[in-house]
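Here is the naming used below: chain letters follow the sequence lines, and residue numbers restart at 1 for every chain. Computed from a predicted model, the values in this text were never measured in an experiment.
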There are 2 protein chains.
Amino acid sequence: MENKELFRLLAGKNSLRLELELKLNDMIKREYYTKSQIILKPGQIPNRAWFIEKGSAMGFVFKEEKKVPFWFWNENDIMVPLNSFFNQVPSETYIELLEPSILLSISFEDVQEILLGFPESNDYVRKIMQDYQKMSEKRILEFAAYTPEEHYLHLMRDCPAIFRKASVESIAAYLGISRKTLNRIRSRTRRF
Amino acid sequence: MENKELFRLLAGKNSLRLELELKLNDMIKREYYTKSQIILKPGQIPNRAWFIEKGSAMGFVFKEEKKVPFWFWNENDIMVPLNSFFNQVPSETYIELLEPSILLSISFEDVQEILLGFPESNDYVRKIMQDYQKMSEKRILEFAAYTPEEHYLHLMRDCPAIFRKASVESIAAYLGISRKTLNRIRSRTRRF
DNA sequence: TTCGTTTTGGGACATTTGTCCCTTTTTTCC
DNA sequence: GGAAAAAAGGGACAAATGTCCCAAAACGAA
């Protein structure tokens, strides 16, 4: 069955209604991208919501000529710039693929059609937003309540995949510290 | 008209349908609280979503015997612990009022009833979540991309009300820095 | 009001982090 | 495969932040 992983993610332990699955199968587009492709830029209005079937991506902004990543997405993640997609306003951030990737996507218009035609889909969208919110709050607490070293170790535990895909520079900026500090932490915590 | 500010916030530039307004007026409870009252504790399932008609509040956790605030709410803010309220799972955080406050609130069951009976209310809930998400991402970027001083100055600009309501200790913890550092920043940036 | 408690601001010093380098290693692209 | 470019790790020093204080100010309950 196509798009199996995505549907499982949307419906949780239940399944999607068959009509909805069929409809979505018609709407969903599968596209192949190469490493380092930029799929969203500031000023663009994102007209599709993505799901990463294979690969990974990073959301970032520029601060004084430097990329500051604020989000990483991995395989099986739903990737939606919530504000700019749902309000159809220009993005303020970039999204860049970290490796060759396969993305599923659905257009804004199709999402609207689904929301109108399938009332339960409102719950699915709400669930997606809650998950983002939960991760954001966790992230904020990591910044506010933990030392850089704790923050790093938590990221390492919760999301080890990142470390095989993003540069040390990016991870340091994501943690809000300098590359030097991240190097220090890594040599300090390396266990042989 | 009762609950005017809340309705304006929900509907944006349009108005709520009259039927919905009447229904909400029936459901909404107005309650008076004193300073420092704790209205949500870890372990509790929040059964109401709040709107601050008057007053302010702070969400926090404890880290090593110290309060770490992760969110401040002010007058005319919708105050909902998104994850624990909508999934009806135990909260992991505290919410404490910073001053004598008047809160409007609606129960989880009533929200469900509204969502079923008034399809457009799904948009209102989505809007609330988007606003939270937008603020969270802003917050994350403040941590990742700005120095403590910049972070402080932005907070000062965007939310000066906080400084009249929360302690220096709380604001420092909210910014992820020590009280000493916040004091240094303040004396450095004070302009006479 | 008054006394006890809490909060605030700042000094001294230790620790951590950042900046600026340079060298080595890894990656990228003909 | 090999040259050029990019990324990583770490040394030396400067800058910042944190911890532990204490005294002054503000607050709060009787």
Below 3.5 Å between N/O atoms, which protein atoms pair up with nucleotides 23-30 of chain C? Just atom names and distances, please.
{"from": "dT28(C)", "atom 1": "OP1", "to": "Lys35(A)", "atom 2": "NZ", "distance (Å)": "3.1"}

### Message
Just the rounded figure in Å: distance from C1' of dT17(C) to CG of Leu182(A).
### Response
13 Å
### Task
Mind running a 4.0 Å heavy-atom check of residues 139-159 of chain B against DNA chain C and sending the residues that fall below it, in number order?
none
### Query
CZ of Phe62(A) to CD of Glu65(A): how many Å apart, nearest 0.5 Å?
9.0 Å
### Message
Using a strict threshold of under 4.0 Å (side-chain N to carboxylate O), is an ion pair present between Glu96(A) and Lys67(A)?
### Response
yes
### Carboxylate-amine/guanidinium proximity below 4.0 Å for Asp131(B) and Lys127(B)
yes
### Message
Taking atom CD as the centre, does Glu92(B) end up with more than 12 heavy-atom neighbours from other residues, nucleotides or ligands that are less than 6.0 angstrom away?
### Response
no
### Message
When you compare the side chains of Arg139(B) and Tyr174(B), does any donor N or O come within less than 3.5 Å of an acceptor on the partner?
### Response
yes
### Task
Go through residues 59-72 of chain B and report each residue with a non-hydrogen atom lying under 4.0 Å from DNA chain C, sorted by number.
none
### Message
Give me each pair satisfying salt bridge (Lys or Arg N to Asp or Glu O under 4.0 Å) with a member in residues 106-116 of chain A, each pair once, sequence neighbours excluded.
### Response
Lys23(A)-Glu113(A)
### Query
For DNA chain D, whose closest nucleotide is more 5', that of Arg184(A) or that of Ala166(A)?
Ala166(A)
#### Entry: Presence of salt bridge, Lys66(A) and Glu64(A), under 4.0 angstrom
no
### Query
Do Thr147(B) and Glu150(B) touch side chain to side chain, with heavy atoms closer than 4.5 Å?
yes
### Query
Does Tyr146(A) have Lys63(B) sitting over its ring (NZ/CZ under 6.0 Å from centre, angle to axis within 45°)?
yes
### Query
Mind checking whether Tyr94(A) and Phe70(A) have ring centres under 6.0 Å apart?
no
### Task
Hey, could you give me the CD/NE2 distance between Glu149(B) and His154(B), rounded to the nearest 0.5 Å?
10.5 Å
### Message
I'd like to know if Glu5(B) and Arg8(B) make a salt bridge, using a cut-off of under 4.0 Å between side-chain N and carboxylate O.
### Response
yes
## Note on the structure
Asn183(A) atom CG is separated from dC20(C) atom P, nearest whole Å, by 17 Å
### Query
Nucleotide range of DNA chain D contacted by chain A, 5' to 3', under 4.0 Å to a heavy atom?
dA8(D) to dA12(D)
### Message
Applying the side chain to side chain contact (heavy atoms under 4.5 Å, CB included) criterion to Phe51(A), which one of Asn76(A), Leu103(A), Asp77(A) satisfies it?
### Response
Asn76(A)
### Query
About how many Å separate CZ of Arg179(B) and CD of Glu169(B), when rounded to the nearest 0.5 Å?
5.5 Å
### Query
Does one side chain, of Gln44(A) or Ser91(A), offer a donor that lies under 3.5 Å from an acceptor on the other?
no
### Query
Does anything in residues 173-181 of chain A reach DNA chain C, meaning a heavy atom under 4.0 Å, and if so which residues?
Ile177(A), Ser178(A), Lys180(A), Thr181(A)
